[in-house]
2 protein chains.
Amino acid sequence: MTRVLVVEDEPGLRRALAINLRARQYEVAVAADGASALAAASRQPPDVVVLDLGLPDMDGTEVIAGLRGWSRAPIIVLSARAGEPDKVVALDAGADDYVTKPFGMDELLARLRAALRRSATAQDAPVVATEAFTVDLAAKTVKDRSGEPVRLTPTEWHLLEVLVRNQGKLVAHRQLLNEVWGPRYETENHYLRVYVAQLRRKLEADPSRPRHLITEPGIGYRFVVA
Amino acid sequence: MTRVLVVEDEPGLRRALAINLRARQYEVAVAADGASALAAASRQPPDVVVLDLGLPDMDGTEVIAGLRGWSRAPIIVLSARAGEPDKVVALDAGADDYVTKPFGMDELLARLRAALRRSATAQDAPVVATEAFTVDLAAKTVKDRSGEPVRLTPTEWHLLEVLVRNQGKLVAHRQLLNEVWGPRYETENHYLRVYVAQLRRKLEADPSRPRHLITEPGIGYRFVVA
DNA sequence: CCGCATCTTGACGCGTCCTTGATGCCGAGC
DNA sequence: GCTCGGCATCAAGGACGCGTCAAGATGCGG
């Protein structure tokens, strides 16, 4: 069954969305603020997210960034703000669609179907194997050479996932920090050093001579398979 | 380069769309009616389609169906009709997004970027190859003739990137310094000599006789592939 | 309320990179 | 032939970034 995460602080609308979606045989999880949305999403990864931008606790783009760090599930943004700049910011942050309140339930459902149709066809092989370890992006698991699972903390996994998804490409400090920690942490390069070091210690055969998690001095990091 | 097919019968809007898209480095094909749109799409498969529903010769959903028969390129629908049923019909027919006229150009461009981001398969590799080395702008990698990666420092890479982006064109000292070091360094021509020399030493077959990183005395530098 | 895992923050040594100066070369102009 | 300005090359210093270790904070589950 398709799992929808509804993030909406207004109780009435939240209920209405949940009822309508459940009536169409979707499995619905709800959250009233950004923090619980991210928690719920990590606990039960949704297939699509309906996200109200006007949340009490976090900026909407931070929620988008938090989700995009590890999930490609379509994000449909709801907002009372019809201004163009708001739409551009949300879409460029990683949202897939932007619906202005008030909206019709039929339209939202149609946009939801369109988003799901796309993501159904866009599934690529989410397993990447190196000589030292294997990453399964779908199952969110990492195994070492002998097949033993490797324990990663949530942040370690976020970071690894972003790097693996851009395999071969150089990912800038700024982009990594933005996708894993959010836009407000774009200058905290020290976080990267600490967590890259931890990943290397857990994954690389010789952590002091990394072969897959490569430093590009002054620019960022790169994951290479060979 | 990303190819956009614009299907719009109104000449003014068609021109405006084409101009704006070309200004953003998209490759634009235009069509004024459904039949020529389908013909153009089959001749030159687009990466994304911007489709006005109010065409003179065919119903919009027919055009969508005609495209969806063989192409998965995202379709962004433009329409003057804001009614919900129209949106639902178009989206369920296979459209990816529905924008109501009048719309802002920035919003359309943002929705276009969002659509393209999803169809990750449509990414051309912006790779520039010379006989001595190969530059991959997306992955930020440089390889020499034997395929070995070349290590560049951040400043070296930044400088090379600007030159390669303007391949064939002459880039003035002032512009290079401005883009790499910032506006306050526009007179530090010495920096350029040092770093161009380093790039030549790392990339050119015969650094003292450069064939790709060319000095234009008194003006600037130029990158040429052949 | 406590304990543990995780995240954040700090300090330090080391290596690399940026900046800057010195020197030689070449061509243009006098 | 000489001088001068722009360019190429080399070298050295100091600054900065990176890796590493470890000690507080923080938050979560029991």
Side-chain angles (χ1 to χ4, degrees), chain A residues 33-36 38-40 42-43 57-58 62 66 69-70 140 142 150-160 163 170-174 176-177 179-182 184-204 206-222, chain B residues 142 150-160 163 170-174 176-177 179-182 184-204 206-222:
Chain A
D33 55 60
S36 50
L38 293 174
S42 66
R43 206 166 36 236
D57 62 333
M58 300 171 62
E62 290 185 51
W70 56 276
K140 297 200 193 309
V142 186
V150 181
R151 266 189 62 81
L152 296 184
T153 72
T155 306
E156 287 166 5
W157 171 259
H158 281 207
L159 181 59
L160 179 64
L163 286 170
L170 200 174
V171 190
H173 296 141
R174 172 169 303 235
L176 285 169
L177 288 163
E179 294 207 37
V180 178
W181 280 270
R184 292 152 38 88
Y185 295 79
E186 281 186 352
T187 58
E188 301 282 347
N189 286 17
H190 192 49
Y191 287 11
L192 291 177
R193 288 190 218 105
V194 173
Y195 276 91
V196 169
Q198 284 174 359
L199 282 176
R200 292 210 260 242
R201 194 147 34 82
K202 290 185 177 182
L203 301 177
E204 293 274 4
D206 182 354
S208 62
R209 298 185 166 269
R211 299 203 46 200
H212 304 102
L213 298 167
I214 309 296
T215 301
E216 300 282 354
I219 313 179
Y221 293 87
R222 181 199 308 274
Chain B
V142 185
V150 180
R151 272 187 56 84
L152 296 184
T153 72
T155 308
E156 287 165 5
W157 169 258
H158 204 155
L159 179 60
L160 180 64
L163 287 169
L170 170 58
V171 190
H173 294 142
R174 172 169 301 239
L176 284 171
L177 289 162
E179 292 206 39
V180 178
W181 280 271
R184 293 154 37 91
Y185 296 77
E186 282 186 352
T187 59
E188 301 281 348
N189 286 16
H190 190 48
Y191 287 10
L192 290 178
R193 290 189 210 106
V194 173
Y195 276 92
V196 169
Q198 284 175 358
L199 282 177
R200 294 210 260 242
R201 191 148 38 81
K202 291 185 176 181
L203 300 178
E204 293 274 5
D206 182 355
S208 61
R209 302 195 64 97
R211 299 203 46 200
H212 304 103
L213 298 166
I214 308 297
T215 301
E216 301 282 354
I219 314 177
Y221 292 88
R222 181 199 306 271

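Nothing here was measured: the structure is a model prediction, and the numbers come from that model. In what follows, every chain begins at residue 1, and chains take the letters A, B, ... in the order their sequences are listed.
Separating the CH2 atom in A:Trp181 from the OH atom in A:Tyr195 is a distance of 6.5 Å, to the nearest 0.5 Å.
In this structure a side-chain-to-backbone donor-acceptor pair under 3.5 Å is missing from A:Arg222 to A:Glu216. Judged purely by atom type and a 3.5 angstrom limit, B:Glu204 has no side-chain atom pairing as donor or acceptor with the backbone of B:Arg209.
Here the P atom of nucleotide D:dC21 and the CD atom of A:Gln198 are 11 Å apart, to the nearest Å. Following rounding to the nearest Å, B:Glu188 (CD) and C:dT19 (C1') show an atom-to-atom distance of 9 Å. Rounded to an integer number of Å, the gap from OH of A:Tyr185 to P of C:dC7 is 12 Å. Rounded to an integer number of Å, the gap from CD1 of A:Ile219 to C1' of C:dC17 is 12 Å. The separation between A:Lys202 atom NZ and D:dG19 atom P is 18 Å, rounded to whole Å. Whole-Å rounding puts the A:Leu177 CG to D:dG17 P distance at 14 Å. B:Leu159 has its CG atom 12 Å from the P atom of C:dT19, to the nearest Å. In this entry the distance linking NE2 of A:His158 with P of C:dC7 reads 9 Å, nearest Å.
Within 4.0 Å of B:Tyr221, counting heavy atoms only, lie sugar-phosphate atoms of the nucleic acid but no base atom. As judged by a 4.0 angstrom heavy-atom cut-off over every strand, A:Arg151 is placed among residues touching the sugar-phosphate backbone only. When heavy atoms are screened at a 4.0 angstrom cut-off, A:Val194 is found touching base atoms of the nucleic acid. As judged by a 4.0 angstrom heavy-atom cut-off over every strand, A:Arg201 is placed among residues making no nucleic acid contact.
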Should B:Tyr191 and B:Leu176 be marked as a side-chain contact (heavy atoms from CB on, under 4.5 Å) after you check the CA-CA gap, both sets of side-chain angles, and the distance that decides it?
-> CA-CA 10 Å; B:Tyr191 287 10; B:Leu176 284 171; over 6 Å; no

Please lay out, stage by stage, how B:Leu159 and B:Leu192 fare under the test side-chain contact (heavy atoms from CB on, under 4.5 Å).
-> CA-CA 9 Å; B:Leu159 179 60; B:Leu192 290 178; 4.1 Å; yes

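For B:Pro154, the side-chain atoms get nearest to C:dC18 when compared with the rest of C:dC18, C:dT6, D:dT9. With D:dT20, D:dT9, C:dT20 as the candidates, the nucleotide lying closest to the side chain of A:His190 is D:dT20. Of the listed nucleotides (C:dT19, D:dT9, C:dC7), C:dT19 has the atom at the smallest distance from the side chain of B:Tyr195. Of the candidate nucleotides C:dC18, D:dC7, C:dT20, D:dC7 has the atom lying nearest to any side-chain atom of B:Arg193. Nearest to the side-chain atoms of A:His173 among the listed nucleotides D:dC18, C:dC7, C:dT8 stands D:dC18. With C:dC18, D:dT20, C:dT6 as the choices, the nucleotide that has an atom nearest any side-chain atom of A:Ser208 turns out to be D:dT20.
Atom CZ of B:Arg174 sits in a sparse spot, with 12 or fewer heavy atoms from other residues, nucleotides or ligands closer than 6.0 Å.
Within the 4.0 Å cut-off from OP1 or OP2 of D:dC18, not a single side-chain nitrogen or oxygen of A:Thr215 is found. Contact annotation: A:Trp181 does not reach the phosphate of C:dC7 (side-chain N/O to OP1 or OP2, under 4.0 Å). Dashed line: the shortest gap from a side-chain N or O of B:Thr153 to OP1 or OP2 of C:dC18 is under 4.0 Å.
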